[in-house]
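Scope of the values below: all heavy atoms of this structure, side chains included, with no hydrogens, waters or symmetry mates.
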Amino acid sequence: RKLPPGPISLPLIGNIHQLVYHVWKNKGVVKALTHFRQTYGDVFTLWLGPIPHVSICDYEISLEVFVKNGNKYKDRFLPPIFLHASENLGLVTSNGDVWAEMRKFALLSFRKIGVGNNLIEEKLLEELNARCAEIDSDSVNGKSVVHTSDFFDLTVGSVINLILVGKRFDDHNKEEFRGLKYILDSTADLFTVFDLTVPVWVLKRFFPQRYARIMKLQTEIYDFVSREAAKRYEMVQSGEYNLNSEDPQDFVEAYLVKIEEEKNNNMYTMKCLKHVIGDLWLAGQDTTATTLVSGFNQLVNNPEVIKKCREEILRLTENGTRSLKLKDRAESHYLNATIAEIQRHASILNVNFWRINHEPTVVKGYPVDSGSVITAQLGALHVNDDIFKNPDEFYPERFLENEKLINQVIPFGIGKRSCVGEYIARPVLFLASGSNIEANQKKVSDVW
Ligand code: HEM
């Protein structure tokens, strides 16, 4: 009675059986959540074991809860093994003062190093040019197949690495990236719902090999992505590298300056830097690359959308005599609508991270008791047919017909724990989509 409506739950397992059944019946978790939304309304409760999970599938209600009352929902509800492995350090898998400090620092230092404007524009265009030059030389040598996921994985990985540690992946170190991708994919394959729900002591005591493997892979990832930072730290210590506190070149430099400045603050340590970089890498690479791959699949299937985007881009770039720039965003109404539609469809987080509800509250007239967890359910929210008519259709025009609708697409989440990398991802999506459409003067199927 102290929660929004939902299916009747059983002792111990709650609604897990109904969720599993509807995922199977509807062929996907977003469709299953949509079924519960249609049955119980835009706010509903599912008991996953002993914990009630409240899902919100409407933008206005999410705004009310996570922005207007945002301070109440800062703590992320995390699988015990994640909290254990992160030791509450970093950005994604931390809560409390460490998270607040690292988030503030990340946003400030991104601004300082020019993310969101010229830096990202310059680096991304360089990266795309380099990657396309590889495709050109391959095609001269008779290779005509381009794997979009490899292409975007490496392009996005390179840009993120440049911002974080000042190094792109080129012919000499491409294998390093592949190595990292392999470890990331192995970790994703290893985790099961069981690992994510049982207490750590159960894993340690009854499944020691599994526990050891999870911890080993986690350590490998964090060591791998932070090894450039560790090298730089040693160079600073030995006097081989001088930190530029006024104009740091990348995220690591900004962080090392902060370590020097805050010697008495034990939050800024090399160990914490390792987790922060690891989290930025893990949260940023796959999400952005997958959005681009999904976008290009949509474009291949909708050539009339490409045609309209291209007409707009050619008009903005004086018939293609200059590159598309970030400053063109304000005038790129059709391209912006297309990217919003791509992100709405891409459904990157089918099930969003949960926040802890620490005190009893009221959401859309329903009481929500403390001890429950709550989230804006992004995937289901983006296919809410009360808001997006014919949600399965790929139709960018919907955002031109109703200009306010674009605000209801929130792929980066909402509130205090929304995506830190939004200012990296948005320019990447704009320039990577726009530049490729622009470059592609031939038949769509020739290239993608
Ligand atoms: C299209 C690309 C991306 C999408 C769709 C995306 C989406 C999201 C979402 C939905 C969240 C969670 C919000 C919540 O809990 O409600 C999140 C968190 C986060 N994202 Fe992204 N993201 C993208 C790119 C990036 C990039 C490029 C980076 C960094 C390089 C990044 C770093 C993070 C971090 C660190 C968090 C945790 C923030 C916190 O807990 O304070 N993301 N992202």
Side-chain angles (χ1 to χ4, degrees), residues 48 51 53 66 70 73-107 109-110 160 164 180 183-204 210-226 229 251-252 255 266-288 348-358 373-376 378 412-422 424-425:
L48 301 185
I51 299 171
H53 289 57
F66 296 109
Y73 300 101
K74 289 195 275 198
D75 287 342
R76 186 164 278 151
F77 176 69
L78 292 159
I81 186 72
F82 283 13
L83 267 177
H84 174 73
S86 76
E87 298 174 52
N88 200 33
L89 297 174
L91 266 166
V92 179
T93 47
S94 61
N95 282 328
D97 292 347
V98 174
W99 161 77
E101 186 68 31
M102 292 306 131
R103 183 170 171 108
K104 196 169 83 186
F105 171 80
L107 290 170
S109 50
F110 282 160
I160 292 182
L164 297 183
L180 175 61
I183 310 176
L184 292 175
D185 293 346
S186 314
T187 315
D189 288 347
L190 179 69
F191 277 116
T192 62
V193 176
F194 173 77
D195 304 307
L196 298 178
T197 42
V198 291
V200 177
W201 69 265
V202 174
L203 271 179
K204 263 189 187 170
R210 196 164 179 82
Y211 168 79
R213 206 158 150 228
I214 291 174
M215 296 306 286
K216 184 169 169 269
L217 277 172
Q218 287 283 106
T219 313
E220 267 176 25
I221 294 176
Y222 285 105
D223 284 350
F224 200 112
V225 293
S226 63
F251 186 82
V252 163
Y255 201 100
N266 57 9
M267 277 193 204
Y268 288 94
T269 59
M270 282 308 285
K271 189 171 175 188
C272 192
L273 171 60
K274 195 188 243 194
H275 283 269
V276 172
I277 297 189
D279 282 357
L280 289 168
W281 238 103
L282 291 178
Q285 195 276 333
D286 209 32
T287 45
T288 313
I348 293 298
L349 286 190
N350 282 341
V351 179
N352 196 14
F353 294 108
W354 302 89
R355 318 280 166 78
I356 304 169
N357 186 42
H358 289 291
V373 296
I374 185 163
T375 194
L378 307 180
F412 298 101
I414 189 164
K416 301 274 176 202
R417 298 291 305 234
S418 68
C419 180
V420 162
E422 182 170 350
I424 299 179

Less than 4.5 Å apart, any side-chain heavy atom of Thr375 and any of Tyr73? no
Is it the case that over 12 heavy atoms from other parts of the model lie below 6.0 angstrom from the CG atom of Asp189? yes
Residues which pass side chain to side chain donor-acceptor pair (under 3.5 Å) with Glu101, listed by chain and number, not counting sequence neighbours: Tyr268
Report the residues that fulfil side-chain contact (heavy atoms from CB on, under 4.5 Å) with Thr269, sequence neighbours left out, ordered by chain and then residue number. Lys271, Cys272
Closest non-hydrogen atom pair, Gly284 against Ile160: C-CD1, 3.5 Å
Residues passing the salt bridge (Lys or Arg N to Asp or Glu O under 4.0 Å) test with Arg213, sequence neighbours excluded, are none
OG1 on Thr288 to CD1 on Ile348, rounded to 0.5 Å: 8.0 Å
Partners of Lys216 by side chain to side chain donor-acceptor pair (under 3.5 Å), sequence neighbours excluded? Glu220
Going by atom types only, do Thr192 and Asp195 share a side-chain donor-acceptor pair under 3.5 Å? yes
Calculate, to the nearest 0.5 Å, the distance between atoms CG and CD1 belonging to Leu280 and Ile424 respectively. 7.0 Å
Honestly, is Arg417 close enough over Phe353, meaning NZ or CZ under 6.0 Å from the six-membered ring centre and within 45° of the axis? no
State the CG-CG distance between Leu378 and Asn352, to the nearest 0.5 angstrom. 4.0 Å
Are His275 and Tyr222 packed together at the side-chain level, in the sense that at least one heavy-atom pair is separated by less than 4.5 angstrom? yes
Contacts of type side chain to side chain donor-acceptor pair (under 3.5 Å), residue Tyr255, not counting sequence neighbours: none
Taken in chain and number order and not counting sequence neighbours, the residues that satisfy side-chain contact (heavy atoms from CB on, under 4.5 Å) with Ala283 are Val92
Shortest non-hydrogen contact from Val420 to Ala106? CG1-CB, 4.1 Å
Point-to-point distance, once rounded to the nearest 0.5 Å, from CG of Leu89 to CG of Asp279: 9.5 Å
Check: Thr197 side chain, Phe194 main-chain N or O, donor-acceptor pair, under 3.5 Å: yes
Quick one: does Ile81's side chain get under 4.5 Å of Phe191's, heavy atoms only? yes
Rounded to the nearest 0.5 Å, how far apart are CG of Leu184 and CZ of Phe224? 9.0 Å
Indicate yes or no: at least one non-hydrogen side-chain atom of Leu190 is less than 4.5 angstrom from one of Arg210. yes
By side chain to side chain donor-acceptor pair (under 3.5 Å), Asp185 pairs with (sequence neighbours left out) none
I'd like to check the salt bridge (Lys or Arg N to Asp or Glu O under 4.0 Å) partners of Lys274; sequence neighbours left out, ordered by chain and number. Asp223
How would you list all residue pairs meeting ring-ring contact (aromatic ring centres under 6.0 Å, His included) that involve residues 83-104, not counting sequence neighbours? His84-Tyr211
Rounding to 0.5 Å, atoms CE (Met102) and CG (Asp97) come to a distance of 10.5 Å
Excluding sequence neighbours, so at least two apart, what forms side-chain contact (heavy atoms from CB on, under 4.5 Å) with Leu78? Arg76, Leu83, Thr93, Asn95
Using side-chain heavy atoms (C-beta onward) and a distance below 4.5 Å, is Ile374 in contact with Phe77? no
Which heavy atom in Met267 sits nearest to a heavy atom in Val98, and how many Å separate them? SD-CA, 4.1 Å
Holding to side-chain contact (heavy atoms from CB on, under 4.5 Å), I want the full list of residues that pass it with Val225, two or more places apart in sequence or in another chain. Leu180, Ile277, Trp281
Holding to salt bridge (Lys or Arg N to Asp or Glu O under 4.0 Å), I want the full list of residues that pass it with Asp75, two or more places apart in sequence or in another chain. none
Aromatic rings Phe251 and Phe110: how do their planes relate, parallel, tilted or perpendicular, breaks at 30° and 60°? tilted
Shortest non-hydrogen contact from Ala425 to Phe412? CB-CE2, 3.6 Å
